[in-house]
Number of protein chains: 2
Amino acid sequence: MGSKERRGREKKELRQVILDAARELFLKQGYENVSMRKIANQIEYSPTTIYLHFKDKVDLLHCLCHETLSQLVKAFAALSQDMKDPVNCLRKGLRVYIEFGLKYPDHYKVTFILHPDHVDQPGQEIYEQTAAISEEAFGFLRLIVAECVRRKKFRKVDVETTSQAIWSAAHGVTSLLIAHHEFPWVEKNKLIDHLIEMLIKGLKA
Amino acid sequence: MGSKERRGREKKELRQVILDAARELFLKQGYENVSMRKIANQIEYSPTTIYLHFKDKVDLLHCLCHETLSQLVKAFAALSQDMKDPVNCLRKGLRVYIEFGLKYPDHYKVTFILHPDHVDQPGQEIYEQTAAISEEAFGFLRLIVAECVRRKKFRKVDVETTSQAIWSAAHGVTSLLIAHHEFPWVEKNKLIDHLIEMLIKGLKA
DNA sequence: ATAATAAGTTAACAGTGTTAAGTATAAGGC
DNA sequence: GCCTTATACTTAACACTGTTAACTTATTAT
């Protein structure tokens, strides 16, 4: 009867329980310092149960990554609805991006810092999915920059080059703050704001 | 007599052999995928011999970073001799930094990208050394930016914050060009120049 | 020659990701 | 009801990992 549906639902629930436990542990202790056994202990199942829901440890991280990337895209989508002030939209978008990275450093690492060739094998489903959603996210930046140029808020720069340069800068501060936390950084919000304003001033008409 | 010196020299030689093997393996397979046993196999010694020269695996990575940073510092030192046009000096310095990364992507990866966050344990000798040489390299950038502000080529920005923001941007484009080779980048020199000019325009008085 | 020192090794510990084989339990057909 | 079959989950094991302690071998100094 409906028992099949119930079992399928229970399976999905356990899957989510694993994802939640894994995310919490990854964020608290770092991906490398969390073992499958630790996750299993947390949810009070045997280690091998995880393998009934995920191919391996990397797959687990990728699913988390996909979850959070989707959130990033959603945040961008919400932002680009209101394009009355495209420059401010860009400002907010960059903030969202950088803070996303700082909030989910492990996810950011896998998606944007680690050599994708090491982690992903092209052709794998999860790889294509991640690539697609990344492209979708970058599309928002391209859109906003184009709007800034179209409305002559920015001087007549090449949209693609500018978008890539802006992404580079945003990625730079995000990844450095994540990876080199031993460096004597100035107050992080001050640094981020300064970088963003610098970029925008460098583009203004 | 001189036998003590010879033994000391032989010890240093083996140390360098280990470093070279480790760098090659780290670059080819990634830090996490290279075991002490793999390194030991490569140099045809037992795994524990490495521990006679390095405290642990992280120490090994730190020493490699130190080597790379020294090279970069030397390049910067040559540049900052001629400070007649500080803005152009900054331009050139950024070019040197980015092209250093693109020319020696392996070195750059190990030092600035691969750098795992659990590596840093304040109090350790090698930590202090790496921190010192990083500070030295960064000092050149700080110096140039300060000079730009002092001579009123730049508006009155905070030197430290600006320097950190500039480094972030330079690191961003370098690491992305290295790591995300599959992304449809515009012509790389165009991208680099555009970013540099954007930064400088955003700072000009 | 003998004692001391250093270099390098072997064996082991406690941990890792992952797989194959086994067990209990629930579902479906008769 | 009973039997078969599929599912959920566990146990045990494999081949690794970084690292330490104890041991052996070789070289030096007295």
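Excluded from the calculations below are hydrogen atoms, water molecules and symmetry mates; all remaining heavy atoms, backbone and side chain alike, are included. Naming convention: chains lettered A, B, ... in sequence-line order (proteins, then strands); numbering from 1 in each chain.
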Tell me whether the side-chain N/O atoms of A:Ser46 come closer than 4.0 Å to OP1 or OP2 in D:dT11.
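No, no such contact exists.
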Euclidean distance, atom [atom1] of residue [X] to atom [atom2] of [N] [Å, nearest integer]:
| X | N | atom1 | atom2 | answer |
| --- | --- | --- | --- | --- |
| B:Tyr45 | D:dA26 | OH | C1' | 13 Å |
| B:Asn41 | C:dT9 | CG | P | 11 Å |
| B:Asp59 | D:dG18 | CG | P | 14 Å |
| B:Phe54 | D:dT20 | CZ | P | 16 Å |
| B:Leu52 | C:dT9 | CG | P | 9 Å |

List the residues meeting side-chain hydrogen bond (donor to acceptor under 3.5 Å, both in side chains) with A:Gln42, not counting sequence neighbours, and say none if there are none.
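side-chain hydrogen bond (donor to acceptor under 3.5 Å, both in side chains) list for A:Gln42, sorted by chain: empty.
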A:Phe112: partners by ring pair (Phe, Tyr, Trp, His ring centres under 6.0 Å), with sequence neighbours left out
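For A:Phe112 the ring pair (Phe, Tyr, Trp, His ring centres under 6.0 Å) partners, ignoring immediate neighbours, are A:Tyr97, A:Tyr108.
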According to ring pair (Phe, Tyr, Trp, His ring centres under 6.0 Å), who are the partners of A:Phe26, at least two apart in sequence or on a separate chain?
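For A:Phe26, the residues satisfying ring pair (Phe, Tyr, Trp, His ring centres under 6.0 Å) (neighbours in sequence not counted) are A:Tyr31.
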side-chain contact (heavy atoms from CB on, under 4.5 Å) with A:Gln29: which residues, sequence neighbours excluded?
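Testing A:Gln29 for side-chain contact (heavy atoms from CB on, under 4.5 Å), a comparison that skips the adjacent residues, returns A:Leu25, A:Asn33, A:Val34, A:Lys38.
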Nucleotide by nucleotide, nucleotides 14-24 of chain C touches protein heavy atoms under 4.0 Å in the pattern (B base, S sugar-phosphate only, - none) --BBBBB----
For the ring pair A:His107 and A:Tyr104, is the centre-to-centre distance below 6.0 Å?
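So the answer is yes for these two rings.
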Base, sugar-phosphate or nothing for B:Leu14? Non-hydrogen atoms, less than 4.0 Å.
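B:Leu14: backbone/sugar contact only, no base atoms under 4.0 Å.
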Applying side chain to side chain donor-acceptor pair (under 3.5 Å) as the test, list every pair that has at least one member in residues 73-88 of chain A; sequence neighbours left out.
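Sorted result for residues 73-88 of chain A: A:Asn88-A:Arg91.
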